[in-house]
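Counting starts at 1 for both ligands and their atoms, in listed order.
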Amino acid sequence: MPSSKTRIAIIGGGVAGLVVARHTAAKLDTYSLTLFEQTDQVGGTWIYTDETDIDKHGLPIHSSMYKNLRTNLPREVMQIPDFPMKHNEGPSFVHHSVIREYLWDYAKHFNLYPHIKLNTVVKHVEPDTLPNGQTIWMITYEDLESKIETTKTFDAVVVCNGHYTVGHVPHIPGIESFPGGIIHSHQYRVPEVYARKKVCILGASWSGMDIAMEVSEYAEKVYLSHNLPESVDLKMLENVEQRPGIQSIQGNIFIFRDGSTAEVDNFIYCTGYKFTYPFMSTKVEMRTDDNHVEPTYKHLIHMDYPNLFIMGLPGIVIPFPLFHLQAQYILSILEGRIKLPSTEQMREEYEMEKKALLDLGIPLRHIAKLKERQWAYYDEIAAAANIPSFPPVIRKIYDHVDQMRELDLTAYKNYQYRIIDDENFALCYCKPC
Ligand code: FAD
């Protein structure tokens, strides 16, 4: 007898996959779920490893976590709304191992492990159409221990494979002639290896700035090369010099766009990541030009297949709480409580929104970087799913952190935030870690 339950496949056991599993597992009368995770642990990005190349099964290392990383959001904002983080003394910007423990506690608390297949990689996702026109999904996965490959059918797929593994590496004329060490931030682990070296870091986004700060404690000199219109305020870091983008490289001499040069021993690309879905059938159109994934509606739903969902597309957001809303929104769609417009209407609406943003001068690759637009997005999907959005205090803390970061990038992580009520928070300064 075929099951009358909706069969949900979740690809990836990082926080996005766990949150979708948590909400699905709360309704086991309606759903059967399988979460596929290729590594031997859940947590995704938050599983630190010294390895940078391949894992014990020969798969590329997934996590880009580095040894000393502390979160860039305070735990009071990062936490999943229905599973508060333990409040400990010390700064709110915690070491990555605290988040790993938190995610493991989450999986245990919501009894998710019975639904999780560890050491299991999804290799192929293929749509099929039933005579009644409904799309079902054939998922082929390999048990990496036994090497057995299996194909099973599901009614809905939630893609949670993460977006920070495959490095974007722009070509720089002359890079082949550079004799020094080259890595992408995906492979960066510890700063000590740069002791007394002259290091060039390309890119001044999160990882570029963070890595520049920690490497500068050991390196003789750090050149932070970027195309931002203004210098980043890196107070007190006397051995960090900012330069424009790199024009070319000749041996160990880097030539920057302003004509200045520098001798370099080691080079770190902090140039972001590429979004990839290597398991997806070519039947399913998934354009990822400029890391902008199309055709998706509300940065989540595949417009041609409204039972295929892609988590984690919005950038400059509060990812864990966002997943909490998106997961419930997905279930509301599957349960028919949210009625999506037709594919044509979704496309029309999406194209109008996209055009409006492009007309404002926002490039395609930044359309899903919600930043100021994130709060309206949360409210919209929460209202559609008939669940509470976030209380005002979350935005207040987020905005406060933004201001503190602007004021002093090297010190903002020394503060502790405490939520008093839905509107108010308290702040105190902790001794630097
Ligand atoms: P991931 O955590 O990447 O998980 C994806 C999972 O899918 C992995 O476990 C992977 O093994 C699995 N997988 C992939 N392909 C397959 C397959 N084919 N079959 C089976 N399993 C598969 N966010 C914050 O909120 N605060 C921070 O301070 C912060 N710092 C960050 C620092 C770094 C260095 C990076 C890279 C990201 C940081 N982020 C931070 C963003 C972070 O990525 C998100 O918060 C969140 O962890 C993303 O979760 P995810 O589940 O989408 O992806």
Using a strict cut-off of 4.0 Å, indicate which atoms of ligand 1 neighbour a heavy atom of T71. 28 (O)
State the atoms of ligand 1, each with its element, that fall below the 4.0 Å cut-off from a heavy-atom position in C160. 5 (C), 6 (C), 7 (O)
Modelled atom types, side-chain donor and acceptor of Y305 and E285, under 3.5 Å: no
Pairs in or reaching into residues 180-207: which pass salt bridge (Lys or Arg N to Asp or Glu O under 4.0 Å), with residues at least two apart or in two chains? none
Y398 and Q374 side chains, donor-acceptor separation under 3.5 Å: yes
In this structure, atom 20 (C) of ligand 1 is nearest to the protein heavy atom Q38 N, 3.3 Å
Please work out, at 4.0 Å between heavy atoms, whether the side chain, the backbone, both, or neither of Y141 comes within that distance of ligand 1. neither
Side chain or backbone, does S64 bring an N or O within less than 3.5 Å of an N or O on ligand 1? no
Just distances here: any N/O of T39 and N/O of ligand 1 closer than 3.5 Å? no
What class does the angle between the rings of Y102 and Y106 fall in, given that below 30° is parallel, 30 to 60° is tilted and above 60° is perpendicular? tilted
Can you see whether T165 engages H62 through a side-chain donor-acceptor pair at a distance of less than 3.5 angstrom? yes
Once the angle between the rings of H109 and F83 is folded into 0 to 90°, is it parallel (under 30°), tilted (30 to 60°) or perpendicular (over 60°)? tilted
Report yes if some N/O of R70 lies less than 3.5 Å from some N/O of ligand 1; otherwise report no. no
Using a 3.5 Å cut-off on N or O atoms only, is A16 in polar contact with ligand 1? yes
Going by the 4.0 angstrom heavy-atom rule, the piece of E37 near ligand 1 is both
Would you please indicate if the ring centroids of H96 and Y66 are separated by under 6.0 Å? no
Looking only at N/O atoms, are V122 and ligand 1 under 3.5 Å apart anywhere? yes
Exercise: do Y377 and H299 side chains pair donor with acceptor under 3.5 Å: no
Can G13 be said to touch ligand 1, with heavy atoms closer than 4.0 Å? yes
So, regarding Y66 and ligand 1 (criterion: nitrogen or oxygen to nitrogen or oxygen, under 3.5 Å), is there a contact or not? no
Pair listing, salt bridge (Lys or Arg N to Asp or Glu O under 4.0 Å) test, anchored in residues 41-54, at least two apart: none
May I ask you to decide whether K283 forms a salt bridge with D128, counting only side-chain N to carboxylate O separations under 4.0 Å? no
Option of least heavy-atom distance to atom 40 (C) of ligand 1 (set: Y164, W206, F323, W46): W46
Just say parallel, tilted or perpendicular for the rings of Y223 and F256, cut-offs at 30° and 60°. tilted
What atoms in ligand 1 come closer than 4.0 Å to a heavy atom of F279? 18 (N)
Numbering the atoms of ligand 1 from 1, which are under 4.0 Å from a heavy atom of G44? 2 (O), 4 (O), 8 (C), 9 (O)
Can you check whether V15 has an N/O within less than 3.5 Å of an N/O in ligand 1? yes
Quick one: which ligand 1 atoms are inside 4.0 Å of a heavy atom on G14? 2 (O), 4 (O), 6 (C), 9 (O), 51 (O)
Using a strict cut-off of 4.0 Å, indicate which atoms of ligand 1 neighbour a heavy atom of N72. 26 (N), 27 (C), 28 (O), 29 (C)
Pick from I10, I61, L69, I139: the one approaching atom 33 (C) of ligand 1 most closely through a non-hydrogen atom: L69
Ligand-residue contact atoms, ligand 1 with T120, heavy atoms, under 4.0 Å: 20 (C)
Take the angle between the ring planes of H163 and Y277 and call it parallel below 30°, perpendicular above 60°, tilted in between. perpendicular
G43, P278, P319: member with heavy atom nearest to atom 44 (C) of ligand 1: P319
